[in-house]
Amino acid sequence: MIKVRFAPSPTGFLHLGNGRAAIFNYLFAKANNGRFVLRIDDTDTERSKPEYENGIYEDLSWLNIKYDEKYKQSERKDLYIREFNKLVEKGIVYPCYETKEELEIMRNYQLQNKKPPVYNRKALTLTEEEKMEFESRGITPHWRFKLNRRKIQFADLIHESIKFDLGSVSDPVVRKADGNFTYTFASCVDDIDIGISHIIRGDDHISNTASQIEIFKALNPDSAIQFGHYPLINFEQSGKMSKRFGDLSIKNFRDQGLEPETVITFLAKIGTSDPLTTCFDFETLVSEFSLAKISKSGPKIFLKDMFLLNRKFLSSLDFYSANKRYNIESEEIWNLIKENVDTPKDIDNWKNILKDDFIGMKVDTNFMKKVYEIISSTVKNENWYDAFIQNIRNEFQNTLSTKEIFTNLRLIVTGLENGPHFADILKFLGFDETKSRIEKLLNM
RNA sequence: GUCUCCAUCGUCUAGAGGUUAGGACAUCGCCCUUUCACGGCGAAAACAGGAGUUCAAUUCUCCUUGGAGAUGCCA
């Protein structure tokens, strides 16, 4: 049974990186008839906040990612204690009494002497008397897992094979002095207990995986969990960019008017050998998903590409789907504007522009006067707009470029410099409304 | 410092010893549009560097360089 998990910690809002983890795992599960588990990794009681946990549910539901099972680490402490005690009995974990400050000093010292900042296992040499002494002073220990210091190699679904020198890392802390367990440990216990078959996470977890393989083995010698580490996204970052697009939270992009389909497709396809298609449905994404398509190198992404994709998504919608989401009054309106909207805000904007009480933007007064004269003398028949445009061109052909003429006209009628085919706009608005818009601006 | 991952057009990538190094997005040009956009067509654009293995290296090995990550009583 294939079972994967998405395990965010509620210490902040879900960002694009989290979203990618969720989507990869979700698609992997669906593509293999497996189950997708949501696990709230809230072992860090200091930083975990209920509002962030709610944010996780909101974002997942917005993205339309549904989970088959849900767990919360803060509700599973009894299990961790049981498993922890087994390791204590086996002597694989050991109590340490150093303070954070002492450890910090030790690390700095090692770094300054160009040595790897690895914990020196001093606590291992403590006598029972010394331990008692600490305890009597009210100092509770934190516990470390005694790593087998050797070079290991493990299979990886994306990198094929990863090697790691366990001698280069400290024995991981599994239980903190306050009695809470760390993610490193709780995660292993949960993965075994829940029956996770594949752990798919970012390259930033490679060193964790190396240590956790040892913990998995200590917990369950038969553990056969498979790993896949995908490369992290590099975000093109410049001051301007970040200012323009805001932070990287899913919530931010939702607020900016991106559609969930856009975010899903973007995150599912970026860094894979598939093109950034315009297929936006889950079924297609699932059928196209494969870990083999994820490249080993980290993609650099431009956030503007996501907005480009959003435009493609919107213009691909037919009237029925568009109307369901954005309540478009008529098919005529949708067909008129659909090629010219980047976000739902633009849709609202155009709906407003096409309403009768809309007021455009003033341009040069003489131009507006002339335009009014021309429309007043234009015959109101079936093709009035063609005649109207032709007459204006004739009037200004020696003084203004075609582009300038149209830009001015667009501003007067729509308030914008670009948009749907101009004659189509006039046709939609009708003779009287167009004339009234020019008149209104002239009288302002 | 140590450990780990990675390296093909601007970007995402295909390529697994012999290819005119292919595609997609972006860019530019032309066409369509009486204008911007949309659309159609086309162009430009890449194997980081150095050794080695080989008849032959983008492809295999090593080194250098570059990028990313880890090195927490965070996850």
Side-chain angles (χ1 to χ4, degrees), chain A residues 7-12 18 41-44 46-48 73 96 98-100 103-104 107 110-119 140-144 151 156 158-159 162-170 172-184 186-187 201-211 229-234 236 269-277 293 295-302 304-305 308-309 311-312 315 337-342 386 389-390 392-394 397 401-410 416-424:
Chain A
S9 57
T11 55
N18 295 132
D41 278 10
D42 55 353
T43 52
D44 187 341
E46 298 257 314
R47 297 195 303 154
S48 296
Q73 290 192 321
C96 305
E98 295 90 349
T99 63
K100 277 186 181 183
L103 291 170
E104 176 90 39
R107 261 196 302 276
Q110 286 166 315
L111 241 26
Q112 269 170 25
N113 290 287
K114 300 197 186 277
K115 290 201 170 129
V118 177
Y119 176 62
T140 52
H142 58 280
W143 296 72
R144 288 183 189 265
K151 295 193 174 171
D156 187 277
I158 292 161
H159 291 283
I162 293 175
K163 51 184 172 38
F164 197 85
D165 184 359
L166 284 175
S168 73
V169 291
S170 301
V173 172
V174 292
R175 190 173 195 175
K176 309 179 210 178
D178 65 5
N180 284 320
F181 294 92
T182 62
Y183 152 84
T184 315
S187 180
R201 62 210 320 198
D203 275 352
D204 53 337
H205 281 283
I206 286 178
S207 59
N208 284 336
T209 297
S211 311
H229 296 88
Y230 55 83
L232 265 22
I233 303 176
N234 299 307
E236 181 56 30
K269 293 301 187 188
I270 196 77
T272 73
S273 54
D274 280 338
L276 213 51
T277 52
K293 288 182 179 175
S295 95
K296 291 185 213 174
S297 58
K300 177 157 97 185
I301 70 162
F302 296 93
K304 69 173 166 56
D305 290 344
L308 246 25
L309 192 65
R311 167 199 276 267
K312 288 221 163 92
S315 59
I337 68 172
K338 69 181 197 182
E339 311 285 3
N340 284 277
V341 289
D342 285 355
D386 281 332
I389 290 172
Q390 189 56 52
I392 287 173
R393 287 206 62 195
N394 292 342
Q397 62 180 339
S401 70
T402 315
K403 189 175 169 176
E404 285 168 325
I405 294 170
F406 275 92
T407 303
N408 278 334
L409 286 174
R410 280 181 181 282
L416 294 174
E417 286 188 5
N418 49 41
H421 195 271
F422 190 62
D424 289 342

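Comparing A:Thr402 and A:Lys163 along RNA chain B, the residue whose closest nucleotide (by nearest heavy atom) sits nearer the 5' end is A:Lys163. Nearest-nucleotide assignment on RNA chain B puts the 5′-proximal partner with A:Leu308, out of A:Leu308 and A:Asp386.
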* To do: Could you walk me through whether A:Thr182 and A:His142 pass the side-chain contact (heavy atoms from CB on, under 4.5 Å) test, one step at a time?
  => CA-CA 10 Å; A:Thr182 62; A:His142 58 280; over 6 Å; no
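Across every strand in view, B:rA57 sits unpaired, with no contact that passes the Watson-Crick or G-U test at under 3.5 angstrom. Pair assignment for B:rC41 gives B:rG29, based on Watson-Crick or G-U wobble hydrogen-bonding distances that are each under 3.5 Å. Base pairing of B:rG17 is not made with any nucleotide, judged by Watson-Crick or G-U wobble geometry with both donor-acceptor distances under 3.5 Å. Across every strand in view, B:rU34 sits unpaired, with no contact that passes the Watson-Crick or G-U test at under 3.5 angstrom. The partner of B:rG72, taking Watson-Crick or G-U wobble pairs whose two distances both stay under 3.5 Å, does not exist in any strand shown. Across every strand in view, B:rU11 sits in a pair with B:rA24 that passes the Watson-Crick or G-U test at under 3.5 angstrom.
Rounded to whole Å, the separation between the C1' atoms of B:rG49 and B:rC32 comes to 48 Å. With both ends at atom P, the span from B:rG23 to B:rC30 equals 23 Å, rounded to whole Å. When the P atom is compared between B:rA16 and B:rA7, the two are found 16 Å apart, to the nearest whole Å. Between the P atoms of B:rG10 and B:rC5, the separation comes to 28 Å (whole Å). Across the C1' atoms, B:rU58 and B:rC47 are found 5 Å apart, a figure rounded to whole Å. Separating the P atom of B:rG15 from that of B:rU8 is a span of 14 Å, rounded to the nearest Å. Annotation: B:rA26 and B:rC12 have their P atoms spaced 15 Å apart (nearest Å). Here, B:rC9 and B:rA48 have their P atoms 7 Å apart, quoted to the whole Å.
A:Glu98 comes within 4.0 angstrom of a nucleotide base, judged by non-hydrogen atoms across all strands. Counting any heavy atom pair closer than 4.0 Å across all strands shown, A:Pro117 reaches a base atom. Across all strands, A:Thr407 comes closer than 4.0 Å to no nucleic acid atom at all (heavy-atom distances). At a threshold of 4.0 angstrom between heavy atoms, the contacts of A:Val169 with the nucleic acid are absent. Among the heavy atoms of the strands lying under 4.0 Å from A:Thr272 are primed sugar atoms or P, OP1, OP2 only; no base atom is included. The residue A:Asn208 sits close to a base: some heavy atom pair falls under 4.0 Å. Contacts of A:Lys176 with the nucleic acid, taken as non-hydrogen atoms under 4.0 Å apart, include base atoms. Nucleic acid contact for A:Phe164: sugar-phosphate only, since backbone atoms but no base atoms lie under 4.0 Å from a heavy atom of the residue. Residue A:Arg201 is out of contact with every strand shown, counting any heavy-atom pair closer than 4.0 Å. Nucleic acid contact class of A:Pro420 (heavy atoms, under 4.0 Å, all strands): base. Heavy atoms of A:Ile389 sit under 4.0 angstrom from at least one base atom. Counting any heavy atom pair closer than 4.0 Å across all strands shown, A:Glu104 reaches no nucleic acid atom. A:Arg175 comes within contact range of no nucleotide atom at all, as no heavy-atom separation falls under 4.0 Å. Residue A:His229 is classed as having no contact, given no heavy-atom separation below 4.0 Å to the nucleic acid.
Considering all non-hydrogen atoms of both residues, A:Lys338 and A:Ser315 come closest at O-CB, 3.3 Å. Between A:Ala210 and A:Phe164, the shortest heavy-atom contact is CB-CD2, 3.4 Å. When all heavy atoms of A:Ser297 and A:Pro231 are compared, the pair lying nearest together is O-CG, 3.3 Å.
Contact footprint of chain A on RNA chain B: nucleotides with an atom under 4.0 Å from a non-hydrogen protein atom, first to last in 5' to 3' order, B:rG1 to B:rA75.
Listed by chain and number, the residues in a salt bridge (Lys or Arg N to Asp or Glu O under 4.0 Å) with A:Glu104 are A:Arg107 (sequence neighbours excluded). By the side chain to side chain contact (heavy atoms under 4.5 Å, CB included) test, A:Thr11 pairs with A:Ser9, A:Arg47, A:Ser48, sequence neighbours left out. Partners of A:Ser273 according to the side chain to side chain contact (heavy atoms under 4.5 Å, CB included) rule, which considers only residues two or more places apart in sequence or in another chain, are A:Lys293. Qualifying side chain to side chain contact (heavy atoms under 4.5 Å, CB included) partners for A:Ile389, counting only residues two or more places apart in sequence or in other chains: A:Arg393, A:Phe406, A:Phe422, A:Ala423, A:Leu426. For A:Asn394, the side chain to side chain donor-acceptor pair (under 3.5 Å) partners at least two apart in sequence or on another chain are A:Gln390.
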